Structures are given as C-alpha cells and as structure tokens.
Amino acid sequence: MARLNINGKFFNLTVDGDTPLLWAIREQAGLTGTKYGCGVAQCGACSVHINGEVQRSCAVAVKDVKPTDKIITIEGLSPSGTHPVQKAWLALEVAQCGYCQTGQIMAAAALLKKKPKPTDADIDDAMTNICRCGTYQRIRAGIKLAADGGVASKAKG
Amino acid sequence: MTKSDTTEKNRVTLSRRGFIITGAAATGGLAIGFNVAGVTDALAQKVLGAAGNEVGAWVLIKPNDQVVIRIARSEMGQGTLTGLAQLVAEELECDWSKVTWEYPTPGQNLARNRAWGDMSTGGSRGIRASHDYVRQGGAAARQMLLQAAAAEWKVPVEEVSVDKGTVSHSKSRKTTTYGKLATAAAKLPVPDLKTMKLKDPKDWKIAGKGLKRLDTVDKLVGKQIYSIDFKTPGMLNASIKDSPVHGAKIKSFSADKAKVMPGVRGVYQVGVGAVAVVADSWWQANKALDAVEVSYDDTNGSRIDSAAIAAVLRGGLDATENVSVANKAGDAKAAIAGAARKVEAVYNAPYLHHVTMEPLNCTAKWTADGCEVWVSTQNGDAALAACAEAAGHPPSKCEVYKMHLGGGFGRRGMSDFITKAVLLAKQMPGTPVKLLWSREEDMRQGRYRPITACKMEAGLDDKGNLIGLSMRITGQSILASVAPARMQNGVDFIATQGLQPIDGPQGNEGGFGYTIPNLTIDYAMRNFHLLPGFWRGVNNNQNAFYIECFLDEVAKAAGKDPLAFRRDLMSKNPKTAKHLAVLDAVAKKAEWDKPLPTGIFRGCAQQMGYGSYVAAVAEASVDARGKVKVHRLVMGTDCGHVVNPDQVDAQVVGSVAYGLSASFFEEITLKAGIVEQQNLDTYEIMRMADFPTKVETVTVPSGGFWGGVGEPTIMVAAPAVMNAIFAATGKPVRSLPLKNQKLRA
Ligand code: FES
Ligand code: FES
C-alpha cells in the first residue's frame with residue numbers, strides 16, 4: 001500500500017514497496033504519459049519531477065516516496081498542455097515517434113526552472129535522455145526558444 | 001498476405017466488435033470500443049470509424065466538413081502519416097485545417113480486397129511506393145463530390161469548381177461544401193483510379209509544403225497511446241523470457257516459486273524456448289519471471305562467441321568458393337596486380353541492435369471464434385498473417401489494431417513478438433493479455449543488423465588514377481534468415497546493397513555511383529545462429545562505410561583531394577550524374593575549398609539508396625586524448641519529389657543520430673552464444689552532448705522519380721565523419737564502433 005501525491009491528487013495504491021515509481025504511475029495510477037524505456041536509469045523516458053527535481057522514476061522505489069513528496073508527471077506539467085517547453089516543442093515540431101518526448105519535456109522544464117537561460121554546455125549536461133529518433137537538434141532549439149521568452153515573444157518579433 | 005479470398009460474414013462480425021485508431025482531432029484521442037453493431041453488415045464494412053460518408057476508400061467526410069484520410073502505412077515518427085494525408089488532400093482539394101486521419105485495419109484491408117494496398121512500412125517506401133494510388137484516391141473522391149454537386153444543381157460537372165472544400169458554380173453563384181455533398185457523393189460509383197489525372201507537382205498547394213504534422217499534440221502532453229499503453233477491461237499483463245541462446249529449446253522449467261508470488265495468474269511455456277508469467281500488473285509478472293527456473297536443451301543453439309565469428313569472417317574475406325558476384329567490369333585482379341601502386345585494407349562492422357525506445361509489446365485476445373491483437377507494427381499485413389497462424393484461425397477471423405510506434409527502425413517489421421503474444425493468449429482463452437518484453441529481453445531477442453567485414457584492394461596507375469578495385473564482403477545474410485524466398489538463385493542481393501550496377505535490376509534502388517574500368521564486388525555469405533534483421537538503412541550502412549572510407553585511403557595514396565578523386569570517378573558516366581550533383585551540392589554548401597580553423601578537418605561521402613541520391617560533408621576535430629567532436633554536417637538528398645520539406649529535414653537530421661550513434665558507440669557481442677549487452681548501460685547510445693554541433697540539410701529534388709527519405713542519409717553520415725577523422729589523424733578508421741579505436745597514440 002502506498003499513498004502518493006501525483007499531480008496534486010492523492011492516490012492510495014495497492015503495490016509492494018519495492019515497485020518502481022514508474023510502474024506505480026503507469027499501472028496503478030493509470031498515467032501512461034511516463035514511459036518505460038530501460039528500467040535502469042539510462043534513457044530518461046520515465047522522467048518525472050519530485051519536489052521540483054527531475055528524477056528517473058524507474059529507479060525510485062515506491063517505499064522511498066513520502067505522501068508529502070510532490071510528484072509531477074507529464075500529465076500534470078501544465079493542465080492545458082501549454083507549458084513554454086510544450087509550446088516550443090509544438091512550434092518547432094520536435095517530436096518524431098514521440099515516445100521519449102514526455103521525458104525530454106520533463107527534463108527540459110526542470111532545467112529551465114533552475115537555469116532560465118541555459119548555455120549549450122548546460123543543455124548538454126542536463127539533457128541526457130536518449131532519443132532514438134535523433135531529435136537532439138530540435139530539442140536544443142526548443143529549449144532555447146522556451147528560454148528566450150517562448151513562442152509568444154518570438155511571434156511578436 | 002496475398003490471399004484475399006475471404007469476405008464472409010465472420011470478418012464483418014469481428015469488425016463490429018473492433019475499434020479504429022483515429023487522429024486526435026476526430027475523436028479526442030483513441031476511440032476504444034467503437035461499436036458499429038446495429039448497422040447492417042454492408043455498412044459495417046463500408047464505414048470504418050467515425051460517423052461520416054466514405055467517398056472512395058481513402059476519404060471519409062463528415063457533415064461538419066471534417067475530412068478523415070485513411071492511412072495504410074504505419075507511423076513510427078517518420079512523418080509518413082502527414083505526408084500521405086498531404087498527397088490525398090492535394091488531389092481532393094479540401095481544407096487542410098479540417099483534415100484528420102485514421103488507420104484502416106489489416107482485416108478490413110483483407111475483407112475489402114486490399115482496398116488500401118500494401119500496409120507494410122519499411123525500405124523508406126511509405127510514400128514512394130504509394131504516392132500514385134493515394135493521390136488517385138483523393139482525385140477520385142474530388143470527382144465524386146463534384147459530380148454530386150453538378151447533379152444537385154443540374155449543371156455540367158465541368159462548370160463546377162472547388163477551392164478548399166467549398167464547391168461552387170460561378171454562373172449560378174451557387175456554393176456548397178464537401179460536408180453537405182458527401183452523402184450524395186458516397187452513393188456514386190468510385191471511378192477507376194487508374195484513369196485519374198494527377199496534378200503536376202509544380203502546381204501543388206498542400207503537398208510539397210512544410211506543413212505541421214497531424215500527430216504532434218498528444219505526444220507533448222502524454223496522451224499519445226502506443227501499444228505499450230493500451231488498456232482494455234479484464235486485461236492481464238505478461239513478461240517473457242526466451243532462450244538467451246537463439247534456437248535453444250526448453251527442457252523443463254519450474255514455476256513453483258513464481259506461481260505463489262503476488263498478482264501472478266499463470267506461468268506458461270510459449271513456443272519452444274520461452275516462458276511467460278501472466279500477472280495483474282506487468283511489474284509483478286516481470287519480477288516473478290526471475291523466479292522461474294528454466295533448463296534448456298542447448299543442442300539446437302550455438303555457443304559461438306565473437307572471436308570465433310571474427311575468425312569465420314576472416315576466412316570469408318579470402319574464400320574462393322561459393323562467392324556471388326554483384327558487380328563486375330574488366331579484370332580487377334589483373335589490373336591491381338599490374339598497378340603502379342596498390343592499396344589494401346580490411347574493414348569491419350559489428351552486430352547492432354535497433355533499440356526502439358518503446359520495448360516490443362503486443363496485446364492479444366484469443367477465443368475459439370477469432371483472435372485480435374493491438375500492436376505497434378510496421379507491417380499490418382504480416383501482423384495479421386502472424387496472428388492468424390499463431391491463433392490457428394483463418395485471417396478472416398483475426399484482426400490487427402495498429403497503433404503508433406515508439407520507434408520501428410525495421411525491428412517492428414518483424415512479427416515474432418506478435419506470434420508470442422498470441423501463443424500466450426491462446427492459453428488463456430477470452431482474456432486479453434498484454435505481453436511486454438523487458439528491455440533486457442528486447443536486447444537478447446533482437447533481430448540484429450548483421451555482422452559483416454570487407455576486404456578492399458585498389459590499384460592506381462602512375463598518374464594516380466584508379467584502374468582497379470576489388471571489394472569482398474563477407475558476413476551474415478538477412479534474407480537467408482528472414483525471407484529466403486526473396487533470395488535470387490540463393491544469393492542475398494541485399495548484402496551488396498548500394499554497390500550494384502547502375503544498369504542492373506537494383507540500379508533504380510541503389511546503383512553504384514563510380515565508374516571503374518576493372519571492378520569486382522562480391523559477397524561470401526557466412527551465417528550464424530544469431531537472428532538478423534533489417535536495421536534502418538540495412539546493408540547500405542556497412543557498404544557505404546567500406547567503399548567511402550576506403551576511397552579516401554586510395555585518394556590519399558594517389559595524392560588527390562577526396563572530393564576531386566570522387567568527381568573523376570563519377571563525371572564520365574551520365575548515369576551517375578545525379579550521384580555527382582548531390583555530392584556537388586553538399587560540397588558547395590560546406591564550402592569544401594575554403595580553409596577551416598586549425599584542428600578541424602573535412603570528410604565527404606556519397607551513396608545511392610532507397611531510390612534517393614545522398615551525400616554528406618562533415619567537419620570534425622580530434623583532441624589530444626582522441627575525443628572526436630563533430631562541428632558540422634551538411635547532408636544532401638535528391639529524393640525526386642519532396643512532400644513535406646520540414647519532415648525531410650527532421651528525418652535527415654534524425655538519421656544522423658542513428659548512424660553516428662551506431663558508428664561511435666554501438667556493438668553487440670556474443671559470449672558462449674549469448675548477447676552480452678543486456679540493457680542500455682552496456683549498449684551505449686548517442687546522447688545530446690555527442691551529437692554534432694550543427695546539422696544542415698540540403699534538399700535538391702530533381703523531379704521525375706520518387707525516392708525514399710527515412711533511411712538514405714544514414715548511410716553517408718558515418719563515412720563522412722570517419723573521413724574527417726582520417727584527415728585529422730592520418731589514420732583511417734577501419735573498424736567500428738569508434739569507441740574501440742585509439743585515435744591518438
Ligand atoms: S526507463 Fe527510467 S531511465 Fe529508462
Ligand atoms: S522522438 Fe522517438 S525516441 Fe525521441
């Protein structure tokens with residue numbers, strides 16, 4: 001049994017304590033925007049925010065998450081899907097298959113919160129999620145666009 | 001599937017229970033459980049998904065003017081869905097802002113006599129092999145709608161015109177819309193598609209434009225449903241482990257410990273070598289799978305390791321028997337023997353894994369009456385055939401619901417994971433079972449890009465002209481394992497992809513771009529137990545690496561500039577003018593002759609594949625510790641016609657990541673017959689920091705043909721970079737991946 005605060009809502013989930021948070025989110029909470037890619041903290045497809053920090057949820061056991069910990073998944077990043085990163089991703093058509101992109105967006109959003117104007121080196125350091133479709137160039141451009149005041153400011157010129 | 005002899009009732013009965021995957025705009029996401037029971041059987045066949053009128057097989061129009069375009073090919077990120085919709089919409093002359101899409105199912109395709117043609121998606125064929133009939137489908141629908149308007153207004157159809165779905169008759173000033181005409185149009189006979197006159201691409205308004213993809217929004221908010229996310233009431237979850245030595249059989253297994261673990265509903269053998277655990281949740285199933293004790297009968301498997309494979313390939317490089325010649329001119333052996341200068345080298349490329357980001361999975365439900373699967377597949381037709389075979393039901397009693405792919409790259413063109421899901425579900429009749437492979441299982445049960453090696457020999461005359469070239473490829477054949485029926489006289493022609501005569505049967509697909517007076521390119525097949533498969537770009541990748549990197553070695557020996565050296569070999573034959581034009585285009589864009597900052601060096605490469613001509617120029621540096629930085633890559637493509645330039649750019653840039661990741665980092669090795677790389681901690685994949693600083697795409701569509709886009713450029717990215725590294729260090733890179741090479745002493 002676990003009590004988790006996901007996207008501002010409490011979930012009482014029937015899971016063993018050693019279940020990775022990823023699987024509790026996907027299978028018990030039913031939020032499938034958080035993806036399974038490797039299960040060993042390598043790919044970042046499972047990225048969520050826990051108390052504002054980006055974390056690979058496949059490597060966090062449910063028993064190590066307190067009910068007071070605030071978990072945000074892609075579904076909770078912006079209720080209307082209009083987080084500046086999502087807007088930039090849409091404007092630049094970053095996604096190909098899209099499977100890694102929810103994790104990429106969570107990682108990018110966490111980066112921008114910490115460093116509103118990230119350098120290329122900051123982006124290299126923070127964005128270690130794998131994209132097998134190879135969207136890295138547009139991900140970088142998307143982060144810069146979002147950092148630059150986002151899509152709205154660009155449109156205004 | 002080639003049989004289309006089954007249109008009987010069963011098919012319809014099943015389709016009534018089915019559901020359709022549609023575009024988000026049509027239904028707000030996934031229309032699960034869409035039920036058309038209550039309508040007549042004929043209508044159930046005719047109307048697939050959303051309420052609306054079908055105007056020919058490709059177009060469905062709703063009363064609110066929304067246009068639903070049927071997409072037969074699979075979307076795996078490559079943008080084909082949007083491109084195909086653009087082609088239909090172009091001829092239909094509808095309002096693009098009202099376009100959405102749906103996938104017809106393979107079962108419906110079968111029941112309707114393959115109304116949507118080939119559903120396979122591989123070989124970069126998504127658009128190039130269906131552009132004509134999808135455009136004809138759009139044109140036929142337009143004609144039917146205009147006829148309906150003419151009939152309603154009692155005017156000649158020639159006087160009726162359409163602009164963005166609004167139909168008008170200028171003389172009477174009457175106007176109406178496609179939405180209002182669709183009911184009447186749907187009742188008209190569909191004209192013979194072959195008689196449709198298609199627009200000249202220069203008049204395109206929707207096709208040819210970098211329009212936004214139709215399938216982006218859901219991917220950014222976590223709503224895109226891949227088959228790994230599929231849910232249906234009563235569904236159970238399963239994890240599987242097949243014999244780590246491909247081909248070995250299970251002798252016995254003990255499920256006693258697993259069976260009593262939380263959530264476990266059953267432990268089953270699947271096929272000859274696999275055990276699966278079915279549980280309430282996948283995590284429970286996967287955990288319990290570790291507790292199953294299996295013993296294998298290894299006699300059918302092979303315990304070979306990578307060193308032994310390398311030894312077999314060394315033999316293949318010098319073999320004189322059972323060698324198939326792919327391309328020949330003059331007498332290469334004699335020319336090289338008598339040459340003023342000889343160059344020789346042996347190249348190697350390892351086994352590779354696809355690593356689709358979404359691990360393989362499939363949900364299946366088997367009953368005594370039929371079988372349904374929900375799956376991300378590149379090949380709907382093959383998926384239906386595999387489902388039927390494993391289910392023991394005729395295809396007419398089976399159905400495949402295709403879903404978006406979290407990556408395909410060739411792996412999801414195979415149906416082994418569908419077969420396993422059905423064999424498992426068959427043991428739990430009536431229960432939908434989602435079989436998801438762990439990443440470890442996915443790594444072990446790959447269909448690997450085959451290992452090959454190549455011996456290159458060249459002869460130069462005293463002026464540095466290339467007078468003889470011999471190229472011996474040896475290694476594993478994909479076709480021998482995957483599609484032996486496609487071999488030609490026992491020869492796997494794909495092993496020499498991209499190297500075959502420009503005048504030969506493969507010339508339009510990927511003809512060799514160089515004219516060399518004395519030439520032999522041949523192949524010595526050497527097969528191993530590890531199962532091979534088509535991997536984005538297929539053998540073009542290794543072959544372009546061999547020829548393009550070796551040519552730089554030869555150019556250096558001749559004291560010539562690598563670009564000028566290639567131009568010499570290409571410019572005399574008018575049949576390779578397009579190869580040369582795209583190489584020239586990237587050289588121009590990259591300013592080949594302009595000096596670079598100290599420490600940065602250039603390399604180039606060209607190749608033809610999947611009907612397109614591609615070339616690349618790379619700029620790279622190698623630091624004192626041997627670390628490579630790629631500063632710039634200019635990637636050129638001539639694919640004849642461009643349907644969506646923005647998606648072409650995305651594909652080309654993405655292919656750079658796939659190609660460079662492989663050549664820098666990726667390698668599958670074997671120990672005692674078992675793949676050593678079990679997950680992404682041991683199978684390294686390129687990330688952001690190692691991606692080139694800047695990739696520029698140059699698209700030079702010369703018209704008159706339709707070439708592929710998803711794969712071709714992958715084959716030139718790596719050789720261009722390897723050649724830049726060669727220029728930087730003076731040492732050629734002959735063996736991949738690069739991480740195993742010491743670039744600085
Ligand atoms: S699934 Fe968590 S990092 Fe890959
Ligand atoms: S978009 Fe396909 S893996 Fe990133």
Side-chain angles (χ1 to χ4, degrees), chain A residues 15-16 18-20 22-24 26-28 30-43 45 73-75 77-78 80-81 83 85-87 89-90 93-102 105 120-121 123-140, chain B residues 75-79 212-213 215-226 228-229 231 237 262 280-284 287 354-359 404-409 436 438-440 646-647 650-651 653-658 661 679-681 685-689 691-695:
Chain A
V15 284
D16 288 346
D18 68 346
T19 306
L22 165 67
W23 292 103
R26 285 183 57 82
E27 301 202 288
Q28 275 78 37
L31 297 168
T32 55
T34 304
K35 300 301 189 204
Y36 167 61
C38 67
V40 294
Q42 284 292 320
C43 74
T73 70
I74 185 71
E75 290 89 348
L77 181 66
S78 150
S80 53
H83 185 282
V85 172
Q86 289 168 319
K87 278 170 46 185
W89 253 235
L90 183 61
E93 290 266 39
V94 173
Q96 289 190 27
C97 82
Y99 193 80
C100 75
Q101 296 298 342
T102 53
I105 289 168
D120 279 321
I123 294 173
D124 287 346
D125 285 348
M127 299 301 292
T128 56
N129 292 13
I130 292 171
C131 174
R132 201 57 170 148
C133 297
T135 64
Y136 300 123
Q137 183 153 299
R138 291 193 189 198
I139 289 175
R140 187 186 298 278
Chain B
E75 177 57 50
M76 46 188 159
Q78 84 283 34
K212 293 269 187 258
R213 295 173 64 120
D215 60 340
T216 295
V217 175
D218 283 355
K219 292 175 182 170
L220 308 183
V221 296
K223 277 198 197 144
Q224 178 67 55
I225 303 292
Y226 305 87
I228 194 174
D229 305 317
K231 276 179 244 172
N237 292 279
D280 292 331
S281 77
W282 184 78
W283 179 251
Q284 291 169 327
K287 213 171 129 184
H354 297 83
V355 192
T356 57
M357 282 309 292
E358 176 193 11
H404 263 38
L405 286 71
F409 313 118
L436 165 64
S438 66
R439 175 60 73 195
E440 290 80 4
D646 188 52
Q647 286 309 310
Q651 279 308 295
V653 178
S655 80
V656 168
Y658 211 71
S661 179
N679 204 321
L680 305 185
D681 45 359
I685 289 172
M686 180 173 275
R687 297 162 200 260
M688 176 81 87
F691 191 74
T693 310
K694 185 165 66 170
V695 180

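Here is how names work: the chains are called A, B, and so on, in the same order as the sequence lines, proteins then strands, and each is numbered from 1. Because the structure is predicted, anything quoted here is derived from the model rather than measured.
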[X] versus [Y]: any side-chain heavy-atom pair under 4.5 Å?
X: A:C131; Y: B:M357; answer: no
X: B:S438; Y: A:Y36; answer: yes
X: B:E75; Y: A:Q96; answer: no
X: B:Y658; Y: A:C133; answer: no
X: A:H83; Y: B:L220; answer: no
X: A:R140; Y: B:F691; answer: no

Subject >> B:R213 backbone acceptor or donor facing A:E93 side chain under 3.5 Å >> reply: yes
Original post:
Got a donor-acceptor contact below 3.5 angstrom from the B:R687 side chain to the A:T128 backbone?
Top reply: yes
**OP:** Go through the atoms of B:Q224 and report whether side chain, backbone, both or neither lie under 4.5 Å from a heavy atom of chain A.
**Re:** backbone
Do you know the tightest heavy-atom contact between [X] and [Y]?
X: B:A657; Y: A:G134; result: CB-CA, 3.4 Å
X: A:T102; Y: B:K219; result: CG2-O, 3.7 Å
X: A:C38; Y: B:L680; result: CB-CD1, 3.9 Å
X: A:I139; Y: B:M688; result: CG2-CE, 3.5 Å
X: A:Y99; Y: B:P359; result: OH-CD, 3.9 Å
X: B:V221; Y: A:Q86; result: CG1-NE2, 3.7 Å

Original post:
Between A:W23 and B:W283, what is the ring plane arrangement, given parallel below 30°, perpendicular above 60°, and tilted in between?
Top reply: parallel
Under 4.5 Å from any heavy atom of chain B - which part of [X]:
X: A:L77; answer: neither
X: A:T135; answer: neither
X: A:Q137; answer: both

Original post:
Stepwise, does the side chain to side chain contact (heavy atoms under 4.5 Å, CB included) test hold for A:R26 with B:W282?
Top reply: CA-CA 10 Å; A:R26 285 183 57 82; B:W282 184 78; over 6 Å; no
**OP:** Return the set of residues passing side chain to side chain contact (heavy atoms under 4.5 Å, CB included) with B:S661 (not counting sequence neighbours), or none when no residue passes.
**Re:** A:R132, B:E666, B:I685, B:M686
**OP:** Tell me, with the steps shown, if A:L90 and B:K212 meet side chain to side chain contact (heavy atoms under 4.5 Å, CB included).
**Re:** CA-CA 9 Å; A:L90 183 61; B:K212 293 269 187 258; 5.6 Å; no
**OP:** Calculate, to the nearest 0.5 Å, the distance between atoms CE and SG belonging to B:M76 and A:C97 respectively.
**Re:** 10.5 Å
**OP:** Please round to the nearest 0.5 Å and tell me the distance separating atom CD of A:E27 and atom CG of B:D280.
**Re:** 9.5 Å
Original post:
Among B:N679, B:D215, B:T216, B:L405, which has the most heavy-atom pairs under 4.5 Å with chain A?
Top reply: B:N679
Original post:
Is any side-chain N of the basic residue among A:D18 and B:K287 closer than 4.0 Å to the acidic one's carboxylate O?
Top reply: yes
